[in-house]
Amino acid sequence: MGYKTLCFGLTCILFAYYIYTPIPENIEEPWKVRTIDATIKITSLMFFFKNHSNKCGHRYHLSKFRIYVLVYCLKRFDELFSILMKLDYTQPISDENVTVMDITFSDIPVRLYLPKRKSASQRPAVIFVHGGAFVLGSCKLAALDLLNRQTAKNLGAVVVGVDYRLGHQYQFPVAHEDVLSVVKFFLQDKILAKYGVDPARVCISGDSAGGLIAATAAQLIQNDPEFKNKLKAQALIYPSLQVIDIAIPSQRENEHGLFLTKKLGVELACLYLTQDKALPQAMMKNQHMPHGSRHLFKLVNWSIFLPEKYKKNHIYTEPILGRLNPSYSALLDSRLSPLAVNDSQLQNLPLTYILTCQYDLLRDDGLMYISRLQNIGVKVSHDHMEDGLHGALSFMASPINLQLGIRIKDKYINWLEENL
């Protein structure tokens with residue numbers, strides 16, 4: 001009982017500390033945001049301790065009592081976190097507007113939304129790729145089920161939510177390959193005809209890491225001369241778009257920011273590549289890129305592509321090469337950095353929508369992609385949320401009903417209605 005009381009007391013102290021941390025004055029629903037942020041930060045703290053407890057116990061010679069308390073707390077926390085995640089999963093329940101079913105496309109699980117309203121013409125379609133740093137999440141989560149259900153209803157569109165395999169169990173490039181397999185399967189003439197989809201009105205979209213996978217899939221599809229059917233649009237919601245430079249201004253300004261800290265984002269995303277702790281440690285210092293990658297720096301150079309208002313007083317410095325041994329060749333793969341491709345691979349991209357958030361580690365990835373696309377003539381629509389936070393979509397469903405997430409959802413769906 002004493003151990004439980006100690007763990008509960010420590011959790012309360014941490015919660016109080018985080019919930020009273022100052023936040024920007026223009027944040028809507030500040031106490032709701034503080035509560036969500038405190039919960040996430042305690043989660044990330046436990047995640048960090050779980051991954052480093054054995055190492056710390058050896059280095060600092062913690063007593064058996066302290067190690068026991070730590071492990072006990074983590075065990076209970078992990079079980080609670082797992083239960084909460086499963087509680088947020090939704091079943092494929094149809095309603096009066098949309099038929100919902102869980103099936104597979106090319107052996108990859110997808111959730112399919114089919115509008116019941118009859119259409120005199122072929123329908124548009126949206127393929128949605130969920131975020132979660134490549135290692136968390138599902139299209140079955142309540143908020144994303146709500147998003148895709150409303151997209152299908154408002155647009156009269158067929159919507160495909162992709163449940164790609166997650167790291168660390170399945171490492172790069174499995175998630176990318178799963179999504180590309182679904183896209184190619186869906187874009188077959190016979191599949192489009194089966195669901196009454198107009199081949200000229202298909203969009204791929206995604207949030208966060210899902211935005212990165214969606215952007216990569218769009219590049220591969222649009223630049224494949226052997227693939228007849230192309231995408232009409234891509235929609236990227238606060239996307240991650242590169243792993244080359246982890247010291248861009250938004251990363252510096254929001255390193256300890258709301259909802260997503262730099263340490264948590266790096267620790268989770270690295271699990272998609274390796275379980276070696278050396279990679280996230282090097283990435284936090286911007287020393288992770290291998291020799292032979294300097295040619296990529298000019299393609300993600302924020303001092304060139306970032307609008308002046310976001311540069312502020314930051315000074316550009318190149319990432320440091322060759323400090324990681326062994327090096328990871330995957331870091332050179334453009335599928336992890338769709339921002340870092342040549343103009344020739346961008347010029348065929350479709351109509352693009354990008355939504356960025358002011359208080360977001362990944363803000364400048366989206367802003368730089370906008371600049372690069374506009375520079376070569378790709379039509380881009382951009383919404384910037386001045387009070388925006390990364391991951392807000394995930395908290396728009398009941399019981400949280402975060403208004404910021406709802407506003408992001410509405411902007412995204414309105415753009416699709418007008419352009420697809």
Side-chain angles (χ1 to χ4, degrees), residues 105-106 108 110 122-129 155 157-162 164 172-173 175-193 195 197-237 239-243 296 299-300 305 332-355 365-382 412 415-416 418-420:
F105 281 175
S106 192
I108 308 301
V110 301
Q122 292 178 306
R123 301 181 181 277
V126 177
I127 302 170
F128 188 86
V129 188
L155 275 71
V158 174
V159 178
V160 181
V162 187
Y164 55 86
F172 177 79
H176 287 71
E177 291 175 343
D178 284 356
V179 171
L180 189 61
S181 292
V182 168
V183 174
K184 288 185 173 182
F185 178 89
F186 186 71
L187 288 179
Q188 294 177 95
D189 288 334
K190 63 180 181 181
I191 301 301
L192 294 173
Y195 295 110
V197 172
D198 185 345
R201 299 176 68 197
V202 179
C203 172
I204 188 168
S205 59
D207 69 307
S208 192
L212 183 150
I213 298 175
T216 297
Q219 291 179 5
L220 294 174
I221 291 294
Q222 300 303 99
N223 291 311
D224 186 348
E226 297 182 1
F227 206 78
K228 182 185 71 170
N229 292 325
K230 303 296 184 181
L231 298 165
K232 179 180 181 181
Q234 62 175 340
L236 313 177
I237 302 171
S240 165
L241 292 169
Q242 57 92 23
V243 298
L296 299 174
L299 301 171
V300 299
F305 298 114
L332 298 169
D333 196 313
S334 63
R335 289 175 293 180
L336 282 176
S337 297
L339 176 62
V341 299
N342 293 320
D343 287 351
S344 61
Q345 294 171 271
L346 298 177
Q347 61 189 9
N348 295 321
L349 288 180
L351 179 67
T352 298
Y353 173 77
I354 296 178
L355 184 141
D365 283 16
L367 294 174
M368 286 192 285
Y369 205 44
I370 291 167
S371 295
R372 291 206 59 203
L373 294 180
Q374 289 178 334
N375 287 347
I376 58 172
V378 175
K379 186 176 179 182
V380 182
S381 298
H382 177 216
Y412 162 72
W415 184 86
L416 290 175
E418 294 173 4
N419 293 278
L420 193 61

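All residue numbers refer to positions in the sequence shown, counting from 1.
Applying the side-chain contact (heavy atoms from CB on, under 4.5 Å) rule to Ala125 yields the partners Val158, Phe186, Val197, Val202; only residues at least two apart in sequence or on another chain are considered. Arg123 meets the salt bridge (charged side-chain N to carboxylate O under 4.0 Å, His left out) test with no other residue; sequence neighbours excluded. With sequence neighbours excluded, the residues forming a side-chain contact (heavy atoms from CB on, under 4.5 Å) with Pro124 are Ala157, Arg201, Leu420, listed by chain and number. Shown here are the ring-ring contact (aromatic ring centres under 6.0 Å, His included) partners of Phe172, two or more places apart in sequence or in another chain: His176, Tyr272. Residues forming a side-chain hydrogen bond (donor to acceptor under 3.5 Å, both in side chains) with Ser181 (at least two apart in sequence, or on another chain): none. Scored by the side-chain contact (heavy atoms from CB on, under 4.5 Å) test, Val182 finds Phe105, Ile108, Val110, Val160, Val162 as partners (sequence neighbours excluded). Residues forming a side-chain hydrogen bond (donor to acceptor under 3.5 Å, both in side chains) with Gln222 (at least two apart in sequence, or on another chain): none. Legend: residues meeting side-chain contact (heavy atoms from CB on, under 4.5 Å) with Ser208, ordered by chain and number and at least two apart, are Tyr238, Leu362, His390.
Screening residues 202-227 for salt bridge (Lys or Arg N to Asp or Glu O under 4.0 Å) gives no qualifying pairs among residues at least two apart or on separate chains. The salt bridge (Lys or Arg N to Asp or Glu O under 4.0 Å) contacts involving residues 176-190 comprise Arg165-Asp178, Asp189-Lys228, where partners must be two or more places apart or lie in separate chains. For residues 341-354, every residue pair satisfying the salt bridge (Lys or Arg N to Asp or Glu O under 4.0 Å) rule, not counting sequence neighbours, is listed here: Asp343-Arg372.
Here CE of Met368 is found 11.0 Å from CD1 of Ile354. Values are rounded to the nearest 0.5 Å. Separating the OG1 atom in Thr216 from the CD1 atom in Ile204 is a distance of 9.0 Å, to the nearest 0.5 Å. Note that the CG atom of Leu346 and the OG atom of Ser344 stand 8.0 Å from one another [nearest 0.5 Å]. In this structure, CZ in Phe227 is found 5.0 Å from CG in Leu187, a value given to the nearest 0.5 Å.
The heavy-atom pair separating Gln219 from Asn223 by the smallest distance is O-ND2, 2.9 Å. Here the shortest heavy-atom pairing between Ala175 and Ile213 reads CB-CD1, 4.1 Å. Pairing each heavy atom of Leu236 with each of Ala214, the nearest pair is CD2-CB, 4.1 Å. Tyr369 and Pro338 make their closest contact through CE1-O, 3.8 Å (heavy atoms, listed as atom of the first residue, atom of the second, distance). The minimum heavy-atom distance linking Val126 with Ser205 is given by the pair CG1-OG, 3.4 Å. Listed here is the closest heavy atom pair of Leu241 and Gly211: CD2-O, 4.5 Å.
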Please lay out, stage by stage, how Ile191 and Phe185 fare under the test side chain to side chain contact (heavy atoms under 4.5 Å, CB included).
-> CA-CA 7 Å; Ile191 301 301; Phe185 178 89; 3.7 Å; yes
Quick one: do Tyr353 and Asn419 satisfy side chain to side chain contact (heavy atoms under 4.5 Å, CB included)? Show the steps, please.
-> CA-CA 10 Å; Tyr353 173 77; Asn419 293 278; over 6 Å; no
Criterion side chain to side chain contact (heavy atoms under 4.5 Å, CB included) on Leu180 and Ile221, from CA distance to verdict = CA-CA 8 Å; Leu180 189 61; Ile221 291 294; 4.0 Å; yes
Donor-acceptor list for residues 375-382 side chains, cut-off 3.5 Å, not counting sequence neighbours:
{"unit_1": "Asn375", "atom_1": "ND2", "unit_2": "Ser371", "atom_2": "O", "d": "3.1"}
{"unit_1": "Ser381", "atom_1": "OG", "unit_2": "Trp415", "atom_2": "NE1", "d": "3.1"}
{"unit_1": "His382", "atom_1": "NE2", "unit_2": "Thr356", "atom_2": "OG1", "d": "2.8"}

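Annotation: side chain of Pro173 is not in contact with side chain of Asp333 (no heavy-atom distance under 4.5 Å).
When each of Ser240, Pro239, Ser337 is tested with Leu212 by the rule side chain to side chain contact (heavy atoms under 4.5 Å, CB included), just one qualifies, namely Ser240.
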